[in-house]
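Structure record follows, encoded as structure tokens.
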Amino acid sequence: MRLQLVTWSDVEQYLKQSSGIIIPIGSTEQHGPNGLVGTDALTAELIAQGVGEKTGALVAPTIAVGMAQHHLAFPGSMTLRPSTLIAVVRDNIQSLMRHGFTRFFFVNGHGGNIATVTAAFSEIYAEHSLQRGGNAPSVKCKLRNWWEGPGVKTLSKELYGNQEGSHATPSEVSLTFFMYPHTEKHVAMEPEVAPNGTFADADDYRRNFPDGRIGSNPNLSTAAHGKRFYDVAVEEVARDYLAFTAT
Ligand code: NI
């Protein structure tokens, strides 16, 4: 159930049987020679909505720009500073807390968000802990990367072996080809499998990874693979959502 497609009284009813909500969070950044700039936001939203349909959970609007300063040397990439993203996550959570939501399950599409979103959760907890007394129900937040379940990892290994890499991966690119089949394309990449390594700021990143990829070969991506990743990820993330909201 998408929050944007229900009425306020539907939400009031929902809160009588659940205080959980799913918040997709991604990024808007380069994804190599054949991956879409919106990959991380699109994939997080797709999986989150699949989980919402499977579990009946409410799904909030997607936070589509994340912490991606290291991608800014590539045209089209956008970032929030870590401090801004912390404020965005906090305001989103606190708006929903006011209505009685207490379980915030973030479906994440971008590794670069993890440290900052986790810091935002600590801010929320600190604010609660610093208030003296009070019997407000405990708030719990969880960040779940769609790619981290054992089923998704096994499928990636089966399809791509050691060519999955860590940025502009064939699994995430396959998911976007599944969503938007007309965007499926394969282009010459040199080397075939991108190098691995580290980066600091945006210029350092582009020097080390000139076409944007890290460790991956996204030419292996297909829409048919994307459907398989979708099915497995929705199954695994839904299971985790239900376990999380049961605590
Ligand atoms: Ni990505």
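When a ligand or atom number is given, it counts from 1 through the structure's own listing order. Being a predicted model, the structure only gives us computed values, none of them experimental. Note: hydrogens, waters and symmetry copies are ignored here, and every other heavy atom, side chains too, is used.
The closest donor-acceptor contact from the side chain of Ser77 to the backbone of His71 lies under 3.5 Å. Not a single donor-acceptor pair under 3.5 Å links the side chain of Glu29 to the backbone N or O of Ala68.
Nearest N, O or S atom of Asp40 to the Ni ion (ligand 1): atom OD1. Atom OE1 is the N, O or S atom of Glu172 at the shortest distance from the Ni ion (ligand 1).
In this pair, Phe105 and Tyr241 present their aromatic rings perpendicular. The plane angle is above 60°, beyond the 30 to 60° band.
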- prompt: His225 and Phe178: ring-ring contact (aromatic ring centres under 6.0 Å, His included), yes or no, with the steps?
  reply: CA-CA 8 Å; His225 289 173; Phe178 164 57; over 10 Å; no

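Residue His31: an N/O/S atom is found under 2.8 Å from the Ni ion (ligand 1). Residue Glu29: no N/O/S atom is found under 2.8 Å from the Ni ion (ligand 1).
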